[in-house]
Asker: 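I have a structure here, written as C-alpha cells, and I will follow up with some questions on it.
Along the sequence shown, residues are numbered consecutively beginning with 1.
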Amino acid sequence: MKRMLCILSAAVVLFGLGGTGEAKTLEEILREKGVITEEDYQEAVKDSDLAYYSPGKGMAIQSRDGKFLAHVGGRTQILYRFTDADDGDNTSTFDIRRFKIWMRGHVFDENLFYRLQLNLGSSTSLEDAYIGYTFADPFELTIGQMKPPQARQELTSFANQLFPERSLANDTFNVGRDIGIMASGSFADHLVEYMIGGFNGNGPNEDNVGDDHMFAARIDINPFGAVSMNEVSFGDEELLLNIGGSFITSNFVEEAVPDDIDDDNEIWDANLGEPDNAAFIAAFGDELEYELYTVNLHARWQGATFGAEYYFLDASPDEGGDFDADGYYVQAGYMIVPDTWELAVRYTAIESDDDEAPVPFDEQQYQFGVNYYFVEHYAKIQADFTHVKDDENDDEDDNILRVQAQLYF
C-alpha cells in the first residue's frame, strides 16, 4: 500500500504541476487529485507544519526536530472610563490600556526556554525578558526580568482577570516586575508548588544600588489538582481549590532615591509617595526596610469562581517610627450563560492610618461587573461599576463606569 501511494504521489508530482499557479505542497496536490481524502490530508499535515497558529499562543514557528520553537503573539485592551467625581470634576476618556507584543519558546532543547514581552500601550516599556531551564517538575531555574513571587492576583495575567483591572488592594501592595533569579517547581502532581528567588528590588529595568537584594518566596497548595492562573471558570467540571501565600523582604536606600527606583513597585509608589532624595532622608534616614505578606484562597467550579486575598506591609525606617498598612479583596463570579455571560462582584479595602505613615489612606471600593466572552479570554468585553468610599480624603467618593474590549492573539 505504501509503495502504491509513493508511485501515485510521484505521478501526481510529475504530471500535475503544470501551469504558473502558486506552489503547492505534495499533500495539497494529492488532495486536489482525489488520491487522499480531506481527513487524510488533515492527518498528514498535522505534524508537518513548521508554522501554525494557536489561540492565545500566537503564531508558532518551529524546526522539524522540535528543538527550536518561537511563539509570537499579542494582547490588547481598549478601555473607556467615565468618572462621576464627588467634587464635580467629571471625566470621560478612552485609553489604550495595554498593547503587548510577546515572543516565547525554546532553543536547542525543549527545556531551555525564553520569554520577551513589550508593552506598547500609553508608553513603550520592556516588561518580561528572561531565560530558564527546566531540570524536572520539582526544579526550574529562571533568570532575567520577571514578576517575583508575590500575590496570586498580581501573578495572574491581566488577560485572565475577572474584572477589567486587578483590585485596589493588589494595586497598592504589589512589587511589579524586577530583575533577578528564581527557582520554582511542583511536587505530587502539583499538590504543592513553590517559587523562591532573589532580585534587585528596585522595579523593572533598574540596576541595584549597594549589595542588598530583595528576597521573595511563595508556596501554593492545590488539594484537587493543578489550578491555572485564571480568575474565570470555563468548563471546570471538578472543584479546583488553591490556598497560597507569599513573603517578600527588601529595602530602599537613599543612594537609589529616586532615580534608581521604578514606580512599578507599588510599595515605593503607593505607600511611600515617591519622595525625592531630600524628602526620603528627612522622613526615613539612610534606609527603609520592609516586609510584605500575602495569603489567598481561590476556587473554581462549574462556572462559579471565588477569590480572596489579604496583604500586610510592615515598614521599618532608619529614622522615625515603624508603620504598617494592609488591604484585602473578596470577589466572586458566575456564568449565567455557560462560557458566554458572566456576572461578578468584588469588595476591596486598603488602610494605612498610622501617625508615621508617609501616605495615609483608608479606602473601600464596591464593584459590580458583567462580562461577555466571544471566545473565552481571547476575545471578550467587560464592563463594571465601582463606588469609591474614601474616608481619608474629602470629595473623593467617586462613581466609576468602565467598559473594556480585549483581544488576545
Asker: Quick one: pull up CZ in Phe323 and CG in Leu288 and give me the separation to the nearest 0.5 Å.
Answerer: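 Here the interatomic distance stands at 5.0 Å.
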Asker: Ignoring hydrogens, what is the shortest heavy-atom contact between Asn202 and Asp207? Give both atom names and the distance.
Answerer: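 Closest approach of Asn202 to Asp207: ND2-O, 3.0 Å.
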Asker: Might you point out which heavy atoms bring Ala159 and Arg75 nearest each other, and give the distance in Å?
Answerer: CB-CD, 3.9 Å
Asker: Is it true that Glu266 and Asn271 share a donor-acceptor pair across their side chains at a distance under 3.5 Å?
Answerer: no
Asker: Can you tell me how far the CG atom of Asn265 sits from the OG atom of Ser250, to the nearest 0.5 Å?
Answerer: 7.5 Å
Asker: Are side-chain N/O atoms of Ser228 and Arg300 paired as donor and acceptor at under 3.5 Å?
Answerer: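 Present: a donor and an acceptor within the cut-off.
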Asker: Measuring only between side-chain heavy atoms, which start at C-beta, is Tyr329 closer than 4.5 Å to Leu168?
Answerer: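 A side-chain contact under 4.5 Å is absent here.
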Asker: What distance separates Leu343 CG from Leu162 CG, expressed to the nearest 0.5 Å?
Answerer: 10.0 Å
Asker: If we only count heavy atoms from C-beta on, is the Arg104 to Phe113 side-chain gap below 4.5 Å?
Answerer: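 Result no, sub-4.5 Å side-chain heavy-atom pair not found.
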Asker: Would you say Asn242 and Asp220 are linked by a side-chain donor-acceptor pair, where the criterion is simply a distance under 3.5 Å?
Answerer: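 Yes, a side-chain donor-acceptor pair sits under 3.5 Å.
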Asker: Under a 3.5 Å distance rule, please check whether Ser246 uses its side chain to pair with a backbone N or O of Pro149 as donor and acceptor.
Answerer: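 No, Ser246 side chain to Pro149 backbone: no donor-acceptor pair under 3.5 Å.
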Asker: Look only at the side chain of Asn277 and the backbone of Ile281, and say whether a donor-acceptor pair between them is shorter than 3.5 Å.
Answerer: no
Asker: Is the centre of the Tyr372 ring less than 6.0 Å from the centre of the Phe374 ring?
Answerer: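 Under 6.0 Å, so yes.
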Asker: Please check if the number of heavy atoms outside Leu401 that lie under 6.0 Å from its CG is greater than 12.
Answerer: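 It does: Leu401 CG has more than 12 such atoms within range.
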Asker: What distance separates Arg81 CZ from Ile400 CD1, expressed to the nearest 0.5 Å?
Answerer: 4.0 Å
Asker: Among Trp341, Phe234, Tyr408, whose ring pair (Phe, Tyr, Trp, His ring centres under 6.0 Å) with Tyr373 holds?
Answerer: Phe234
Asker: With under 30° as parallel and over 60° as perpendicular, where do the rings of Phe280 and Trp268 fit, or are they tilted in between?
Answerer: tilted
Asker: Looking at Arg346 and Asp384, does any basic side-chain N land under 4.0 Å from a carboxylate oxygen?
Answerer: no
Asker: May I ask you to test the Lys67-Phe108 pair for a side-chain heavy-atom distance under 4.5 Å?
Answerer: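 Side chain of Lys67 against side chain of Phe108, heavy atoms only: no contact under 4.5 Å found.
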Asker: Asp362 vs Gln364, test: side chain to side chain donor-acceptor pair (under 3.5 Å). Steps then yes/no.
Answerer: CA-CA 7 Å; Asp362 186 0; Gln364 305 91 48; 3.2 Å; yes
Asker: Quick check: do Gln331 and Glu231 have side-chain heavy atoms less than 4.5 Å from each other?
Answerer: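 In short, these two side chains touch, coming nearer than 4.5 Å.
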Asker: Please confirm whether Phe368 and Tyr366 have ring centers closer than 6.0 angstrom.
Answerer: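 No, they do not, as the ring centres are separated by 6.0 Å or more.
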Asker: In Å and rounded to the nearest 0.5 Å, what is the CZ to CD distance from Phe224 to Glu238?
Answerer: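 Going from CZ on Phe224 over to CD on Glu238, the span is 10.0 Å.
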Asker: State whether the side chain of Arg166 and the backbone N or O of Gln153 hold a donor-acceptor pair below 3.5 Å, judged by distance alone.
Answerer: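 Checked: pair present.
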Asker: Quick one, Asp398 and Asp390 - any side-chain contact, counting heavy atoms below 4.5 Å?
Answerer: no
Asker: Evaluate His377 against Asn230 for side-chain contact (heavy atoms from CB on, under 4.5 Å), listing each step before the verdict.
Answerer: CA-CA 10 Å; His377 288 300; Asn230 182 2; 2.8 Å; yes
Asker: Is the ring centre of Tyr114 less than 6.0 Å from the ring centre of Tyr130?
Answerer: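 So the answer is no for these two rings.
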Asker: So, Ser233 versus Thr305: side-chain donor-acceptor pair below 3.5 Å or not?
Answerer: no
Asker: Is it true that atom CH2 of Trp102 has more than 12 heavy atoms of other residues, nucleotides or ligands lying nearer than 6.0 Å?
Answerer: yes
Asker: Counting neighbours of CD on Glu38 that are heavy atoms of other residues, nucleotides or ligands and sit closer than 6.0 Å, is the number greater than 12?
Answerer: yes
Asker: Count the heavy atoms belonging to other residues, nucleotides or ligands that lie under 6.0 Å from OH of Tyr334, then report whether that count exceeds 12.
Answerer: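 No, the 6.0 Å shell around OH holds no more than 12 heavy atoms from other groups.
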Asker: Ring centroid separation for Tyr290 and Phe252, is it under 6.0 angstrom?
Answerer: yes
Asker: Would Glu127 and Arg177 pass as an ion pair if we require N to O under 4.0 Å?
Answerer: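 A salt bridge is present here (some side-chain N lies under 4.0 Å from a carboxylate O).
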Asker: For Thr348 and Ala169, work out which heavy atoms get closest and say how close.
Answerer: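 For Thr348 versus Ala169, the nearest heavy atoms are OG1-N, 3.2 Å.
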Asker: Are the side chains of Met195 and Leu155 in contact, using a 4.5 Å heavy-atom criterion?
Answerer: yes
Asker: Could you give me the CA-CA distance, side-chain angles and deciding distance for Leu126 and Leu116, then say whether side-chain contact (heavy atoms from CB on, under 4.5 Å) is met?
Answerer: CA-CA 8 Å; Leu126 174 65; Leu116 172 69; 3.6 Å; yes
Asker: Check step by step if side-chain contact (heavy atoms from CB on, under 4.5 Å) holds for Glu363 and Val388.
Answerer: CA-CA 7 Å; Glu363 184 177 336; Val388 179; 3.3 Å; yes
Asker: Test Arg97 against every option in Gln404, Gln406, Glu165, Gln77 by the side chain to side chain donor-acceptor pair (under 3.5 Å) rule and name the one that passes.
Answerer: Glu165
Asker: Measure from the side-chain N and O atoms of Gln117 to the backbone N and O of Asp128, and report whether any donor-acceptor pair falls under 3.5 Å.
Answerer: no
Asker: Does atom CD1 of Ile131 have more than 12 heavy-atom neighbours, drawn from other residues, nucleotides or ligands, at distances under 6.0 Å?
Answerer: no
Asker: Given 3.5 Å as the limit, does a donor-acceptor pair link the side chain of Asp276 with the main chain of Ala279, or not?
Answerer: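 Here the side-chain-to-backbone pair exists.
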Asker: With no hydrogens and no angle check, do the side chains of Asn170 and Glu154 hold a donor and an acceptor under 3.5 Å apart?
Answerer: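 Side chains of Asn170 and Glu154: pair found under 3.5 Å.
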Asker: Is there a side-chain contact between Met146 and Arg115 (heavy atoms, below 4.5 Å)?
Answerer: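 No, side chains not in contact.
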Asker: Quickly, which of Thr124, Leu407, Leu118, Thr76 forms a side chain to side chain contact (heavy atoms under 4.5 Å, CB included) with Phe99? Name it, please.
Answerer: Thr76
Asker: Which heavy-atom pair separates Pro223 from Leu241 by the least distance, and what is that distance?
Answerer: CD-O, 3.2 Å
Asker: Go through the structure and list residues passing salt bridge (charged side-chain N to carboxylate O under 4.0 Å, His left out) with Glu342, not counting sequence neighbours.
Answerer: none
Asker: Please check this pair: side chain of Trp301 against backbone of Leu240, looking for a donor-acceptor N/O pair closer than 3.5 Å.
Answerer: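 Side chain of Trp301 to backbone of Leu240: no pair is present.
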Asker: Show your reasoning for whether side-chain contact (heavy atoms from CB on, under 4.5 Å) applies to Arg218 and Thr294.
Answerer: CA-CA 9 Å; Arg218 177 173 178 85; Thr294 76; 4.1 Å; yes
Asker: Do Phe173 and Ile248 touch side chain to side chain, with heavy atoms closer than 4.5 Å?
Answerer: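 Sidechains of Ile248 and Phe173: no contact.
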Asker: Report, as yes or no, whether the 6.0 Å neighbourhood of atom CG on Asp87 holds more than 12 heavy atoms from other residues, nucleotides or ligands.
Answerer: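 Counting neighbours around CG of Asp87, more than 12 heavy atoms of other residues, nucleotides or ligands fall under 6.0 Å, so yes.
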Asker: Spell out, as yes or no, whether a donor-acceptor pair under 3.5 Å connects the side chain of Gln161 to the backbone of Ser157.
Answerer: yes
Asker: Determine yes or no for a side-chain-to-main-chain donor-acceptor pair under 3.5 angstrom, with Arg152 supplying the side chain and Glu309 the backbone.
Answerer: no
Asker: Under the 3.5 angstrom rule, does the side chain of Gln150 hit a backbone N or O of Gly176 as a donor-acceptor pair?
Answerer: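 Yes, Gln150 side chain to Gly176 backbone: donor-acceptor pair under 3.5 Å.
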Asker: Taking His387 for the side chain and Asn399 for the main chain, is one N or O donor matched with an acceptor at less than 3.5 Å?
Answerer: no
Asker: Nearest 0.5 Å please: distance from the CG atom of Asp326 over to the OG1 atom of Thr172.
Answerer: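 Nearest 0.5 Å value for the CG-OG1 distance: 11.0 Å.
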Asker: Show every salt bridge (charged side-chain N to carboxylate O under 4.0 Å, His left out) that has at least one partner inside residues 283-293, sequence neighbours left out.
Answerer: none
